[in-house]
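First the structure, in the form of structure tokens, and then the observations on it.
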Amino acid sequence: AFAMSVNADLRRERAAATFQPELLTHILDGGAERTRRRKEIEALVLNDPDFQHEDLNFLSRSQRYEEAIRKSSLMVMKLREHGIADPEEIFWFKSFVHRGRPEPLDLHLGMFLPTLLTQATPEQQDRFFMPAWNLEIIGTYAQTEMGHGTHLRGLETTATYDPATQEFILNSPTVTSIKWWPGGLGKTSNHAIVLAQLYTQGQCKGLHAFIVPIRQLGTHEPLPGITVGDIGPKFGYDEMDNGYLKMDNFRIPRENMLMKYAQVEPDGTYVKPVSDKLTYGTMVFIRSIIVGDSARSLSRACTIAIRYSAVRHQSELKPGEPEPQILDYQTQQYKLFPLLATAYAFHFVGAYIKDTYHRISGDINEGDLSELPELHALTAGLKAFTSWTANAGIEECRMACGGHGYSRCSGIPDIYVTFTPSCTYEGENTVMMLQTARFLVKSYTQVSSGQQVTGTVSYLNDLSRQRIQPQHVAARAVSVRINDPASLVEAYKARAAWLVEAAAKNLQAELNHRRSKEDAWNRTSVDLVRASEAHCHYVVVKLFTAKLSEISNAAVRAVLTNLCLLYALFGISRNTGDFLQAGILTSAQTTQVNQHVKELLAVIRPNAVALVDSFDFHDVHLGSVLGRYDGNVYENMFEWAKKSPLNKTEVHASFHKHLKPMQAKL
Amino acid sequence: SVNPDLASERQTASFCVEKLTALLDGGAEQTRIRRAVVEAIQSDPVFSRENQYFQTQNERYEAAVMKAVHLQKKMHEMGWTENGPEYKYIYRALSGDVAFLLHRVFMRSISVLGSDKQIAKWIPLATQHQLIGSYAQTELGHGTYLQGLETTAVFDITTQEFILNTPKISAMKWWPGDMGRSATHTVVFAQLYIHGKCYGIHPFIVQIRSLQDHSLCPGITAGDIGPKMNFEHIDNGYLMLKNVRVPRDNMLSKFCEVRPDGTYVRQGSQKINYFTMTTVRISLISDEVLTPLMKACTIAIRYSAVRRQSKLKPGEQEAKILDYQTQQEKLLPQLAAVYAFHFINDYLQELFNRGYREIQRKNFDMLPELHALSSGFKAVITHHCTAAVEICLRACGGHGYSLLSGLPSLYTKILASCIYEGENTILLLQTARFLIKCFMAASTGQPVPPSVTYLAAEKPGKCPAKNKLDFLHPDIYTEAYQHVAVRLISSTATKLQDLIQSGVKKYDAWNQCTVQLVQAAKAHCHYITVKNFAETVETLETKAGIQRIMKHLCDLFALHGIFSNTGAFLHDGYISAAQMDMVTASYLDLLAVIRKDAVPLVDAFDFTDESLNSALGSYDGQVYQRLYEWAQKSPTNKMSPAYERYLKPLLHNTLSKL
């Protein structure tokens, strides 16, 4: 192999940047030292021949699963060899090994082990934790059923206590109660933590967790009474054996119920758990990961689309001149740069939530958990807001790459299919938005009854309390300066306040029509989702703006300020109706906003490639021929295509089987 | 048996489903023919799609070739011909899962671009499948911008041949269907050089594989371009040419000819050819764009009537998710869009038929308008429907993500339509160019084509609606759409002129206005769609409840468009802030009204379960049983070597030794 030089267009782009990309990388990583350590861990994986393999796009699903299992086994051993134990460093190592894709041990490492730690008694930890740590036991977490996902109380699996044998009898009483979707359940795991409705002494005590062995140790065959398998092909997640589990009168000892909190005594007496705010904490933590994932996935897609747009030349801008880079077209900039700004915005939001979470729960015993309910409500909405936006943004990046974006070699199809389920898992997005809305309406009601609210909703305190008539009233007049991020934060605040008030009033109007609470809520839910979205949008603009003042390097601050302005102004231009209807902006101002967005596109254009370089994705991790750092796109597309399964033989088998006989007959 | 939750939806239909199906088909007789074709195809096991979701790329390709071959036999058996009434339903019945589609494009390009002699030579060979054709236009480095293609064809006067070459990597042909593995011949588009002078892009018939053993011909490098988001059954290919010689007669020469002495002669008008290209954009709307969205709506709406989740009223059964306002707000506007685009497609077909008759009489006056409409509507409809299918997919939660739902493949297939036959942004800019030109003409009192006469008409400056019911009058919302279209087109025209007058170069000014131009073109198409929907509703029969339900859908389509784009309507105060609240209220009220007919409205699309190929969308609503049965057939449930090779050593204490 010979080293190809960097494509001339990309070289020019990089030379023209007004700031040093490494400095921005350090900010994204949380410091120069962390960047260094990340790259060190990255190198451990990249230089390890055990982790090399052919492009997964050429393999069948069964082969991809097998390859993932191979790497996961090695990964667990090598993590210990290298002495990597810090959770974030494990996360880095794992995502380099699996190149951002899910893997069959995800639920073992991410759910089974942590659940044992937090919900198992010391006796249970003795029995299960070390074997699980050493992977004699591989477990998963079986919650979702075929008929129930987000609405947990509706789960149908039963665990009935039999005091005679001191066992629980587990059953999947209906088709809809079959456990469906848990990762690693289909083929990999030999144990599962199963969530089931507990019945004892003839009463249902609600959902509880049970450790259930599902496959024979040694042969890996399913145990009698257990039906388990893979749920079949999906949009993505080819490496993951998402599974089903059906249990027929399957008995487990009483001691297999996770009993750190609730307990069933030998005679069947049920002991209630002490209520526990910390489950909020787990949810906040997982959502902060999804927000970070939104940022990362969108950053990857932007990296690919922007580098490719700097390499691809097409058509003409000026008659008689060479074909321009497609990145020079205004329409292309308008597609990509707002997404680039969004990716940065979401990075800072993700980091903020994580920091806040760590601050609050820093020392669980002494930590002040009073902020947790608000953070819980806020992160529900932010999870939905960022994952929806990133989901659509990844697709826009792919579209912006034209036909080649559609090829698997672009890498964007993979990013999309891997990311898109996050709109559904850990709480379906619309349901999440409505959770945030419930908190917003509650806060609004407190304000209307004369109480003050604090935190991100404190802007509701400014709403005039006299306005009790049901119609909308124009929002508080804001004199918006469209060049000033701080002033734009105020505009977003006013929009959120206006939409929260509108939704709350519509809800009240429905209640005044003597509808039931649930009915009124349902009939207002479109308004409520809009209010939540506006609230989240405000929070994102606010956090991005706040981040600017923390940046010491002037060149980096300047470029991020432009991105922040673009993010805020583009959001206005996409939602001008709200700002106009609420009276926050005049028509003349919205015209100026649109104009300023276009000016910012031109301002950001020279730094576009440097801004994606700053995300610092290694080519192997990016997995894209179009997005290669060196920009040698076409040569490598050809190299890639030659490896396609259809090209394995010069003449395809179907010529002899079908084509030739047909030609002979006709 | 039918799931009672779905059965109950069907008992309360406000209209006659069979009548609506006939309306969509263009008459009861058409429905009969379509069903007969579907029945004949789907009862034949060779055409089964049962295992489609479990197959590898190689298996999908092989199945598609097998089906294409079998189809020849089937057509013969059934007495179907290419000109018969059944022909157009075959593709729908196969759900497009068949090879050799480019073979037809190959034949069409010879028929349109070839001389009579060339047609007489090649078409019979192609018809009898003595050769398999493809169509090689797009290159690695060039797609939409045809003038930029880099493949060369140099005329060699001594041997009376063209020498074809791929001078650099970006000139390699890339993407043509059927070319990777199947085709023996292809039409190659290349820059023609005679005596060192370039004459631009011309089509050449090139043999690429042996007719004996299918091996590649000398000088040819060809193969499959690798996995894509969909179309695994098609061998999209690459092609590299190295000093490949073809006889002078292989240049398709209806319009341009190279004489033996190297003289280049242009003959006749290419306008008819141009018209053919334009027609392709319209012809793909029905099968490639509307059908997938209809299927997606069918799956998502039936599933939403079966899926129950959470409670709307305490103490009651869990509610159907279709009863949630947010779910209705996701799905019902997509359903309305299907009907809106179905009717605009009828309108465009009609217009193109008329255009074709005019062009045959050598009257080319309609061409610019037809071109503008086909570009704009291709872009708007493919974009809207692609987004709509994705909404349907995500509205089905986790199960939508399973390939067995059918939704991922519908999505990945429809989204290719945003790119092929012209990239959407570029097409919208072409429409915009036409609109700006017409606007300038109209403002100086010159005549303009019928679809844009509204640009000249004087209109009131404020929406007259007084309450939310007023927004259910088609006049009210159609005028609002018209107002926005005129405003966006005229303000962009003004901006362009201002820039040019201030000394900015014309091309620069154009680039600086392209974001606005795209918005203007979209607004124009949106207006025409709403107007056409409202006018069509007027003509429908009032019996059997058809007109009433179509009126609701028309209202919903129009109000959804305003609700999702409030800024454009509020901008100059045409609709006031208070009126916008009325729009929202009317829009949300309509959701509850159409909700009652949602399942019958998708039943009317009349897809068989085999066509839908979805565990979630079947007519009987037995969602969970089917999902469970299908999953068990997955190849991943056969014993995997992963256990013996990796899991077993892992589970057997490899680690505890560490």
Side-chain angles (χ1 to χ4, degrees), chain A residues 57 60-62 65-66 69-70 73 80 134-135 146 149 151 154 175-176 181 187 220 229-235 314-315 317-318 323 330-331 334 402-403 406-408 413 421 423-424 428 430 518 522 525-526 576-577 580-581 587 634-635 641 644-647 651-652 654-655 658 662 666, chain B residues 53 56-58 62 65-66 69 128-129 140 143 145 169-170 175 181 214 223-229 235 309-310 312-313 325-326 329 394 397-398 401-404 408 416 419 423 425 507 511 514-515 566-567 570-571 577 580 624-625 631 634-637 640 642-643 646 650 655-656 658:
Chain A
N57 281 301
S60 72
R61 232 205 105 205
S62 286
Y65 167 69
E66 190 181 329
I69 281 283
R70 184 186 71 81
S73 320
R80 294 177 197 180
N134 288 328
L135 292 164
M146 213 191 272
H151 183 63
V175 179
T176 46
W181 282 112
K187 297 276 124 184
H220 212 55
D230 176 86
I231 63 163
K234 296 143 296 188
F235 207 175
Q314 201 78 175
S315 202
L317 264 176
K318 300 182 193 176
E323 296 179 71
Q330 188 189 56
T331 45
Y334 191 73
Y406 192 75
S407 166
R408 290 263 172 185
C423 296
T424 309
E428 197 277 328
T430 303
E518 292 78 11
N522 187 29
S525 52
V526 169
T576 43
L580 285 170
Q581 202 183 348
S587 297
Y634 298 131
E635 298 82 346
S644 165
L646 250 67
N647 291 331
V651 175
H652 196 271
S654 55
F655 170 73
H658 306 293
M662 167 178 75
L666 283 166
Chain B
Y53 300 129
T56 64
Q57 196 192 356
N58 265 318
E62 188 179 330
V65 170
M66 179 179 73
V69 170
Q128 292 166 32
H129 286 88
L140 251 184
Y145 183 65
I169 190 120
S170 57
W175 281 111
R181 300 276 86 187
H214 217 62
D224 175 82
I225 63 162
K228 301 142 292 190
M229 288 190 90
D235 52 325
Q309 202 79 175
S310 213
L312 265 177
K313 300 205 171 92
Q325 189 190 49
T326 45
E329 212 265 323
R394 281 194 283 123
Y401 189 72
S402 168
L403 284 196
L404 308 180
I419 300 154
E423 196 275 331
T425 303
Y507 52 78
N511 191 28
T514 44
V515 167
T566 51
L570 289 163
H571 182 83
M580 196 52 86
Y624 299 115
Q625 289 81 347
S634 171
T636 39
N637 283 326
S640 159
Y643 174 69
Y646 304 112
L650 184 69
L655 284 165
S656 29
L658 282 172

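Residue numbers start from 1 in every chain, and the chains themselves are labelled A, B, ... in the order their sequence lines are given, proteins ahead of strands.
By the side chain to side chain donor-acceptor pair (under 3.5 Å) test, A:Ser407 is found to be paired with no residue, residues two or more places apart in sequence or in another chain being considered. Partners of A:Glu66 under the salt bridge (Lys or Arg N to Asp or Glu O under 4.0 Å) rule, at least two apart in sequence or in another chain, are B:Arg645.
The contact between B:Glu423 and chain A is made entirely by side chain atoms (from C-beta outward), counting heavy-atom distances below 4.5 Å. Only the side chain of B:Ile419 comes within less than 4.5 Å of a heavy atom in chain A; its backbone stays farther off. Using a 4.5 Å cut-off between heavy atoms, B:Thr56 touches chain A through its side chain atoms alone. Within the 4.5 angstrom heavy-atom criterion, only side-chain atoms of B:Glu329, from C-beta onward, approach chain A. Proximity to chain B (any heavy atom under 4.5 Å) is shown, for A:Tyr406, by both the backbone and the side chain. Heavy-atom distances place the side chain of A:Glu428, and not its backbone, under 4.5 Å from chain B. Residue contact with chain B, scored on non-hydrogen atoms closer than 4.5 Å, involves the side chain of A:Thr424 exclusively.
The aromatic rings of B:Tyr401 and A:Trp181 sit tilted, their planes meeting at an angle between 30° and 60°.
For the options A:Ser60, A:Ser315, A:Gly232, heavy-atom pairs under 4.5 Å to chain B are most numerous at A:Ser315. Counting heavy-atom pairs closer than 4.5 Å to chain A, the top-ranked of the candidates B:Val65, B:Thr566, B:Val69, B:Leu140 is B:Leu140. Per-residue heavy-atom pair counts under 4.5 Å with chain B were compared for A:Gly154, A:Gly403, A:Ala641, A:Pro233, and the maximum is reached by A:Pro233.
Listed for the A:Gln314 side chain is a donor-acceptor partner under 3.5 Å among the backbone atoms of B:Gly143. A distance-only check finds no donor-acceptor pair linking the side chain of B:Gln625 to the backbone of A:Val175 [under 3.5 Å]. Checked by atom type and distance alone, the side chain of A:Asn57 never pairs as donor or acceptor with a backbone atom of B:Pro227 at under 3.5 Å. Judged purely by atom type and a 3.5 angstrom limit, A:Glu518 has no side-chain atom pairing as donor or acceptor with the backbone of B:Lys313. When atom types are taken as modelled, the side chain of B:Glu62 and the backbone of A:Ser654 share no donor-acceptor pair closer than 3.5 angstrom.
Heavy-atom minimum distance, A:Asp230 versus B:Asn637: N-OD1, 2.6 Å. The two residues A:Thr331 and B:Val515 make their nearest non-hydrogen contact at CG2-N, 4.3 Å. The minimum heavy-atom distance linking B:Gln325 with A:Ser525 is given by the pair OE1-N, 3.0 Å. For the pair A:Gln581 and B:Met580, the tightest heavy-atom approach, listed with the atom from each and the gap, is NE2-CB, 3.4 Å.
Rounding to the nearest 0.5 angstrom, the gap separating the OG1 atom in B:Thr636 from the NZ atom in A:Lys187 is 7.0 Å. Considering CD1 of A:Ile231 and OG of B:Ser402, their distance stands at 5.5 Å, rounded to 0.5 Å. From B:Tyr624, atom OH reaches atom CE of A:Met146 across 8.5 Å, with rounding to the nearest 0.5 Å. Remark: A:Asn647 CG to B:Arg181 CZ distance equals 5.0 Å, nearest 0.5 Å. Rounded to the nearest 0.5 Å, atoms CG (A:Leu646) and CG (B:Asp235) are 6.5 Å apart.
B:Asn58 and A:His652 are linked by a side-chain donor-acceptor pair at a separation below 3.5 angstrom, with hydrogens and angles left out of the test.
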